[in-house]
Participant: 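Next up is a structure, given as structure tokens.
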Number of protein chains: 2
Amino acid sequence: MRQHRVTSFDVAALAGVSQSTVSRALAGDPVVSEPTRTRVLAAAAELNYHIDENAARLRTGRTGTLAVVVISREGEDHKDVNPFYFSLLGAICAAASSRGHETLVSFQDAAETLSGRYEEQRKADGLIVIGTTANRTAWNYFREIGENGAHIVYWGSPFDEGLDWIRADNQEGARLATGHLIANGYRRIACITSDHSPQRQFKERYDGHVARMREEGLPTRAVEIDESLPREEQGRKAVSDLIASGEPFDAIFVVCDQIALGVLLELHERGIAVPGQVGVVGFDGIRSGAYAIPPLTSVEPDFQSAGTMLVDKLLKQIAGTPSDERRVPVRLVPRASSKGPGLLP
Amino acid sequence: MRQHRVTSFDVAALAGVSQSTVSRALAGDPVVSEPTRTRVLAAAAELNYHIDENAARLRTGRTGTLAVVVISREGEDHKDVNPFYFSLLGAICAAASSRGHETLVSFQDAAETLSGRYEEQRKADGLIVIGTTANRTAWNYFREIGENGAHIVYWGSPFDEGLDWIRADNQEGARLATGHLIANGYRRIACITSDHSPQRQFKERYDGHVARMREEGLPTRAVEIDESLPREEQGRKAVSDLIASGEPFDAIFVVCDQIALGVLLELHERGIAVPGQVGVVGFDGIRSGAYAIPPLTSVEPDFQSAGTMLVDKLLKQIAGTPSDERRVPVRLVPRASSKGPGLLP
DNA sequence: CTGAAAGCGCTTACAG
DNA sequence: CTGAAAGCGCTTACAG
């Protein structure tokens with residue numbers, strides 16, 4: 001841009017002080033006298049001076065940067081990443097920014113290109129790893145990075161033991177969803193979920209659902225998803241399986257919105273009316289649920305809290321004062337898909 | 001993590017060479033002899049040594065990092081950011097990574113917190129700015145940053161003159177969409193768009209639509225969106241306006257998928273059958289369109305090309321060899337929403 | 001082919 | 001309250 005980069009020495013010369021005073025003044029060191037600070041700031045502004053963060057970081061050893069890794073399925077198109085993780089990513093970047101940190105973002109999938117040596121390379125002070133549980137290789141990789149001393153906080157990891165993770169309050173969310181269906185008059189409620197999935201979140205949501213059903217003395221019915229399919233196809237297939245089983249049902253609690261979108265589509269194509277014949281509730285609060293037909297009732301984590309909690313947990317880990325906050329609060333967002341049963345055939 | 005950070009001097013001592021030789025060997029400098037290189041690499045691996053990028057960057061002046069700024073509406077929830085931009089973001093990060101660059105990502109909306117001095121602060125070598133055209137303050141801010149010498153490439157800017165921008169091949173996409181509706185038997189095709197929006201893309205899509213209609217000798221009909229509403233509500237309102245006008249129509253080309261989702265919802269609630277009574281085609285290729293009811297036909301840019309083109313254009317600008325590639329190729333993705341008219345009432 | 005040395009632009013003890 | 005000086009960990013002319 002310019003021939004000679006403007007440095008703190010140039011500012012010092014213009015302000016008539018030493019370079020170290022410029023550094024102190026700009027860092028807000030209270031030891032600098034007010035008139036001096038004013039002169040320095042004016043000179044810096046005049047020269048359009050900005051601190052070279054590389055030099056500052058080399059000196060201090062801190063980068064002021066957090067790495068955010070979004071794990072996707074190997075070979076998956078970015079367009080097919082669960083929008084939930086994009087919302088979470090946005091919230092994390094915003095929270096980091098509000099804490100004065102930059103965010104170095106990467107989408108990682110293929111085993112050969114996994115890269116997490118951010119701290120060794122002094123590119124970041126710590127990592128936040130989020131994304132699909134399905135890519136086991138990636139999670140193993142980052143677990144190892146963490147075991148070698150890196151600072152990491154997770155959302156979505158299949159591993160819990162000894163790791164710093166944060167998740168939605170899944171049990172509570174599932175209870176809200178189930179209670180809502182019951183309150184709206186549904187009784188034969190099936191749950192599309194996975195019991196043996198590495199996705200711990202699904203298991204937690206299923207557990208919360210079962211607990212709430214038991215309180216009401218209602219029988220439970222689980223339909224296992226086929227994890228090898230794309231999420232929406234999992235929903236379509238689960239509905240087919242549920243219908244093929246011959247057991248009657250008047251509502252479905254689906255442990256993930258993306259799967260629920262497939263459920264709605266399959267029910268529609270089979271001419272089954274939602275919410276009249278079957279009520280549906282999802283989980284995650286993805287935006288397109290609000291514009292599904294009918295609009296999908298869902299349980300939504302507070303994304304802003306999620307971002308803040310992940311960032312703060314990481315910063316505390318880096319500072320050596322670990323926190324034990326783990327659960328992001330959730331709320332039920334009632335929409336048309338669960339309005340109550342009409343006349344059953 | 002460790003008391004003493006492992007430096008190239010430690011590697012040098014272990015390998016029995018000088019520090020400068022370590023640097024050359026790890027940089028792949030061909031001047032280093034093969035046996036020496038092997039010894040250095042072994043020592044580096046043994047010590048788990050990684051180059052301190054801060055130090056390297058301070059020395060070379062290059063950061064190997066690109067800043068990616070996603071502009072959103074002021075106060076907008078990250079969950080409400082158009083998923084199109086998230087797909088684009090993912091593609092940009094992947095392309096940058098394949099070119100050996102990191103990506104510093106930020107979501108920016110509020111005027112007070114706009115920040116784009118990445119190059120002055122030596123945090124990045126250049127910027128890619130994408131996002132909603134609606135936040136004029138933000139685009140003004142980045143235009144000024146660019147005028148002050150920063151390297152920037154844009155997608156979505158309301159400004160064209162003198163800027164390095166990339167956009168989808170909107171005219172061609174609109175022609176494909178319109179031709180597809182015509183081929184499927186629709187004739188009275190309305191277009192939900194904006195003629196005076198700062199969104200140049202909408203205008204381009206409308207122009208392409210009109211051109212194709214004219215070729216066929218068909219009359220055109222534009223319904224203006226109300227930009228003050230959320231995208232989906234714009235679609236609902238436009239459908240209401242269209243119907244209220246009393247003019248018959250059997251298809252709608254909507255210049256944006258998010259708006260099209262609202263269109264589908266409104267048509268559904270009014271009991272108008274899609275595609276039997278009205279065919280609908282959108283633009284952008286957002287994922288939830290595929291799971292709308294009925295699944296939405298759309299024009300989709302090649303996201304991977306989009307990411308690569310943005311990154312390469314920026315890298316060329318930085319290198320001082322500007323390119324004039326501007327248009328990302330598009331393709332039509334036919335789905336149920338435009339299958340052809342049934343019997344009109 | 002390898003080494004000794006300078007220097008990128010800061011922050012921060014240490015003196016005064 | 002301010003300044004002179006060291007040093008963070010690299011890369012890269014310059015010598016040999």
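Every chain is numbered from 1, with letters handed out A, B, ... down the list of sequences.
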Participant: Which base sits across from D/dA4 as a Watson-Crick or G-U pair, both distances under 3.5 Å?
Facilitator: none
Participant: Among the candidates D/dG3, D/dT11, C/dC10, find the nucleotide nearest to the side-chain atoms of A/Ser18.
Facilitator: D/dG3
Participant: Ignoring backbone atoms, test whether A/Ser8 places a side-chain nitrogen or oxygen under 4.0 Å from the OP1 or OP2 oxygen of C/dC10.
Facilitator: yes
Participant: Fit a plane to each ring of A/His78 and A/Phe107, take the angle between them on a 0 to 90° scale, and name the class: parallel (under 30°), tilted (30 to 60°) or perpendicular (over 60°).
Facilitator: perpendicular
Participant: Would the number of heavy atoms belonging to other residues, nucleotides or ligands and lying under 6.0 Å from CD of B/Glu325 be above 12?
Facilitator: no
Participant: On the 0 to 90° scale, with breaks at 30° and 60°, tag the A/Phe86-B/Phe86 ring pair as parallel, tilted or perpendicular.
Facilitator: parallel
Participant: Taking only the side-chain nitrogens and oxygens of B/Ser20, find out if one of them lies under 4.0 Å from OP1 or OP2 of D/dT11.
Facilitator: no
Participant: Without decimals, in angstroms, what is the distance between B/Asp29 CG and D/dC10 C1'?
Facilitator: 15 Å
Participant: For a quick test of reading the model: is some side-chain N or O of A/Arg59 closer than 4.0 Å to OP1 or OP2 of D/dA5?
Facilitator: no
Participant: Identify whether any heavy atom of B/Ser33 sits under 4.0 Å from a base atom; if not, whether one sits that close to sugar-phosphate; answer base, sugar-phosphate or nothing.
Facilitator: sugar-phosphate
Participant: Would you indicate which nucleotide in D/dT11, D/dG9, C/dG3 comes nearest to any side-chain atom of B/Val17?
Facilitator: C/dG3
Participant: Between A/Arg24 (CZ) and C/dT11 (P), how many Å, whole number?
Facilitator: 11 Å
Participant: Please determine whether a side-chain nitrogen of the Lys or Arg among A/Glu161 and A/Arg143 lies less than 4.0 Å from a carboxylate oxygen of the Asp or Glu.
Facilitator: yes
Participant: Does D/dA13 have a Watson-Crick or wobble mate here (both distances under 3.5 Å), and if so which one?
Facilitator: none
Participant: Specify the separation, in whole Å, of atom CZ of B/Arg122 and atom P of D/dC10.
Facilitator: 18 Å
Participant: With respect to the side chain of A/Val31, which nucleotide from D/dC1, C/dT2, D/dT11 is positioned closest?
Facilitator: D/dC1
Participant: Could one point to a donor on the side chain of B/Arg57 or the base of C/dG9 with an acceptor on the other under 3.5 Å away?
Facilitator: no
Participant: Look at all strands and tell whether A/Arg37 reaches a base, only sugar-phosphate, or nothing, counting heavy atoms closer than 4.0 Å.
Facilitator: nothing
Participant: Between C1' on C/dG9 and CD on B/Glu119, what's the gap in Å once rounded to a whole number?
Facilitator: 18 Å
Participant: Round to the nearest Å and state the distance from A/Glu53 atom CD to C/dG9 atom P.
Facilitator: 14 Å
Participant: Within the pair B/Thr21 and C/dC1, is there a side-chain N or O less than 4.0 Å away from OP1 or OP2?
Facilitator: no
Participant: Does a side-chain N-to-carboxylate-O contact under 4.0 Å join B/Asp52 and B/Arg5?
Facilitator: yes
Participant: Taking NZ, NE, NH1 and NH2 as the nitrogens, is one of them in B/Arg57 or B/Asp125 under 4.0 Å from a carboxylate oxygen of the other?
Facilitator: no
Participant: To the nearest angstrom, how far is B/Asn54 atom CG from D/dG9 atom P?
Facilitator: 11 Å
Participant: Specify the separation, in whole Å, of atom CD of A/Glu120 and atom P of D/dC10.
Facilitator: 13 Å
Participant: Would you kindly give the CZ-to-C1' distance between A/Phe9 and C/dG9, to the nearest whole Å?
Facilitator: 7 Å
Participant: Select base, sugar-phosphate, or nothing to describe what A/Ser23 touches, counting heavy atoms under 4.0 Å on all strands.
Facilitator: base
Participant: Between A/Gln19 and A/Val32, which residue's closest nucleotide on DNA chain D lies nearer the 5′ terminus?
Facilitator: A/Val32
